[in-house]
Q: 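Here you go, one structure.
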Amino acid sequence: MIDVVTAGRLLGFGRTKAYRLAKNGEFPCRVLRIGRSYLVPTREVWALLSYHDDGTRRPQPEER
């Protein structure tokens with residue numbers, strides 16, 4: 001799990017937008033609210049960025 005700010009930065013948006021998307025249920029992957037924290041499963045962020053669990057990158061269709 002990573003915090004929503006880190007996940008947002010990896011996906012290309014800043015802190016304010018990351019929190020806004022999480023609060024409105026519009027974040028591009030699942031967000032868990034644990035107490036006052038918003039946490040994002042690391043694997044889901046990797047999947048959005050086209051990475052395998054072992055850290056290797058999946059080729060995009062245009063790269064094949």
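Starting from 1, each residue takes its place in the sequence as its number. What you see is a predicted model; the values in this text were computed from it and never measured.
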Q: Are V31 and L49 connected, step by step, through hydrophobic side chains (Ile, Leu, Val, Met, Phe, Trp, Tyr) whose heavy atoms are closer than 4.5 Å?
A: yes
Q: State the CD1-CH2 distance between I2 and W46, to the nearest 0.5 angstrom.
A: 9.5 Å
Q: Taking L11 as the starting point, is it possible to reach L39 by hopping between hydrophobic residues whose side chains are less than 4.5 Å apart?
A: no
Q: Which heavy atom of A7 sits nearest a heavy atom of F27, and at what distance?
A: CB-CZ, 3.9 Å
Q: Scan residues 17-26 for pairs that pass salt bridge (Lys or Arg N to Asp or Glu O under 4.0 Å), counting only residues two or more places apart or in two chains.
A: none
Q: Quick one: side-chain hydrogen bond (donor to acceptor under 3.5 Å, both in side chains) partners of T6, sequence neighbours excluded?
A: D3
Q: Would you say E44's side chain and R30's backbone share a donor-acceptor pair under 3.5 angstrom?
A: yes
Q: Count I, L, V, M, F, W, Y as connected when their side-chain heavy atoms are under 4.5 Å apart, and connections chain through other members. Are L32 and L10 then in the same cluster?
A: no
Q: Looking only at heavy atoms, which two atoms of A18 and G8 are closest? And how far apart?
A: CB-CA, 4.2 Å
Q: Can you list the steps and then say if Y38 with V5 is a side-chain contact (heavy atoms from CB on, under 4.5 Å)?
A: CA-CA 9 Å; Y38 288 98; V5 174; over 6 Å; no
Q: Spell out, as yes or no, whether a donor-acceptor pair under 3.5 Å connects the side chain of R33 to the backbone of G35.
A: yes
Q: Is there a continuous path of hydrophobic side-chain contacts, each under 4.5 Å between heavy atoms, that joins Y19 to L48?
A: yes
